[in-house]
There are 2 protein chains.
Amino acid sequence: MTMEDGTFESLGYCADTGVDDDVLQWDQRADCEVRQILDRIADKWSLLVIALLDKHSLRFTELRRAIDGVSQRMLARTLRHLERDGLVSRTVHPTVPPRVDYALTPMGATLHATIRALVVWTEEHQNAIAAARAAYDRRAAAEREAAEREAAERAAIARAALPSRGSPALSGQVVS
Amino acid sequence: MTMEDGTFESLGYCADTGVDDDVLQWDQRADCEVRQILDRIADKWSLLVIALLDKHSLRFTELRRAIDGVSQRMLARTLRHLERDGLVSRTVHPTVPPRVDYALTPMGATLHATIRALVVWTEEHQNAIAAARAAYDRRAAAEREAAEREAAERAAIARAALPSRGSPALSGQVVS
DNA sequence: CGGTATCCCCTAAGATACTG
DNA sequence: CAGTATCTTAGGGGATACCG
């Protein structure tokens with residue numbers, strides 16, 4: 001059985017609260033349906049599959065080869081999910097070497113357009129993001145270094161203040 | 001140390017291949033930067049944070065309360081990531097009860113707009129998706145049932161064909 | 001208040017092997 | 001070829017405890 005499904009018992013259906021523009025409402029809804037659908041769409045492989053299928057339909061192995069890095073299991077899983085969601089269609093040709101073609105449904109095609117916008121955003125900002133990361137890391141490194149220097153200094157002071165002989169009977173050894 | 005980071009050693013930088021429209025190129029790039037950024041954006045909490053911060057800046061605990069379900073650890077992690085990527089800014093007020101405000105950077109704001117498009121898509125299609133899922137599940141259930149009926153029939157036939165006594169010495173029991 | 005560090009569990013996803 | 005079944009592992013993410 002197992003079914004490896006989920007989706008059903010997660011985050012019980014929360015009735016749509018009408019067309020409310022409030023952002024708080026947005027994330028409320030995000031918690032119910034949007035979140036889940038988005039997670040599926042944006043998962044590791046779905047995007048790639050949708051991207052590839054936008055040009056023309058492909059068979060299983062063609063997708064497998066095109067994606068490079070996806071395991072058989074993950075590709076099958078991804079395709080079944082997308083099929084279940086009505087985003088890709090699966091047509092089996094009962095030939096001798098079995099042939100299965102995957103294609104985008106009309107709905108899948110509209111999703112592709114939307115996703116494309118996100119990808120474009122990412123492409124446009126990837127340099128800015130890389131720069132921000134570099135800056136952040138530089139700052140973090142500087143801070144860490146400063147902290148270490150300070151710690152060393154403190155240790156030196158402690159050493160100087162202590163009597164030449166080591167531990168005075170109990171407690172206090174090197175001090176952290 | 002641990003740092004719990006990653007990001008660095010994953011998927012070495014792949015130089016941008018110019019502005020090529022080919023879809024194959026798209027997913028190639030998706031494998032390098034887009035994929036990773038998208039994963040961050042679409043992760044369990046980032047979306048919510050960005051959504052909330054779009055209205056006005058918030059402090060840590062305000063976000064914590066607003067999101068409901070997020071652990072301290074995850075919220076902190078998410079915020080660090082978003083800060084590192086230059087999507088949210090973190091300003092510390094050195095008051096007696098320390099106060100830290102988080103806000104969207106300009107880049108974060110543009111991302112919000114883009115994400116919003118995706119959310120709108122999801123909202124517009126969630127009914128269609130739900131319907132597709134229901135249809136798929138119905139089909140699957142029907143198929144499974146049919147398979148079970150067939151199996152039962154086959155078992156009945158096997159039982160009838162077999163002599164009243166059980167396994168004939170070696171091999172062939174129920175036959176697959 | 002605003003975090004970081006630690007432990008620990010559980011699921012997602014890769015590798016492998018088998019089936020129709 | 002087009003999958004499913006099984007095993008195993010990395011890391012996402014919660015709970016808890018402690019620092020500044």
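Fair warning: this is a prediction, and the values are worked out from it, not measured in the lab.
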Let's go through A:D54 and A:I50 carefully: what are the C-alpha distance in whole Å and the side-chain angles of both, what is the deciding distance for side chain to side chain contact (heavy atoms under 4.5 Å, CB included) to 0.1 Å, and is it a yes or a no?
CA-CA 6 Å; A:D54 179 57; A:I50 292 172; 5.8 Å; no
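- Computed from C1' positions of five pairs at each end, the angle between the two local axes of the helix from C:dC1-D:dG20 to C:dG20-D:dC1 equals 40°, rounded to 10 degrees.
- For the atom pair B:M74 CE and B:T78 OG1, the distance stands at 6.5 Å (nearest 0.5 Å).
- Checking B:R65 against B:A76, the closest nucleotide of DNA chain C that is more toward the 5' end is the one next to B:R65.
- Ionic pairing of B:E83 and B:R80 is present here: one or more N-O contacts between side-chain nitrogen and carboxylate oxygen are shorter than 4.0 angstrom.
- Residue B:R73 places none of its side-chain N or O atoms closer than 4.0 Å to OP1 or OP2 of D:dT16.
- One atom, CD1 of B:I67, and another, P of D:dG14, lie 11 Å apart when rounded to the nearest Å.
- Between A:R77 atom CZ and D:dT6 atom P the separation is 15 Å, expressed in whole Å.
- Nucleotide D:dC1 holds its C1' atom 7 Å from the CZ atom of A:R59, rounded to whole Å.
- Taking the side chain as every heavy atom from C-beta outward, B:S46 and B:I41 never approach each other to under 4.5 Å.
- For C:dG14, the OP1/OP2 oxygens have a side-chain nitrogen or oxygen of A:K44 closer than 4.0 Å.
- In this view, A:A128 and B:M107 satisfy the side-chain contact (heavy atoms from CB on, under 4.5 Å) rule, not counting sequence neighbours.
- Between B:S71 and the phosphate of D:dG13, there is no side-chain N or O to OP1/OP2 separation shorter than 4.0 Å.
- Within a heavy-atom distance below 4.0 Å of DNA chain C, the residues of residues 87-105 of chain A found are A:P98.
- Per the geometry, CG belonging to B:D43 stands 10 Å off P belonging to D:dG12, to the nearest Å.
- With sequence neighbours excluded, the residues that form a side chain to side chain donor-acceptor pair (under 3.5 Å) with A:Y102 are A:R90.
- In summary, B:D39 and A:K44 do not engage in a salt bridge, as defined by a charged side-chain N under 4.0 Å from a carboxylate O.
- Atoms CD (B:Q72) and C1' (D:dC18) sit 11 Å apart, rounded to a whole Å.
- Between A:R80 and D:dT4 there is a side-chain N or O to OP1 or OP2 distance below 4.0 Å.
- Here the P atom of nucleotide D:dG3 and the CG atom of A:L82 are 13 Å apart, to the nearest Å.
- Shown here are the side chain to side chain donor-acceptor pair (under 3.5 Å) partners of A:R99, two or more places apart in sequence or in another chain: A:D101.
- A search for side-chain contact (heavy atoms from CB on, under 4.5 Å) contacts involving B:E124 returns B:V120, not counting sequence neighbours.
- Atom CZ in B:R64 sits about 11 Å away from atom C1' in D:dA15, given to the nearest Å.
- In this structure, A:M74 places its CE atom 15 Å from P of C:dT16, rounding to the nearest Å.
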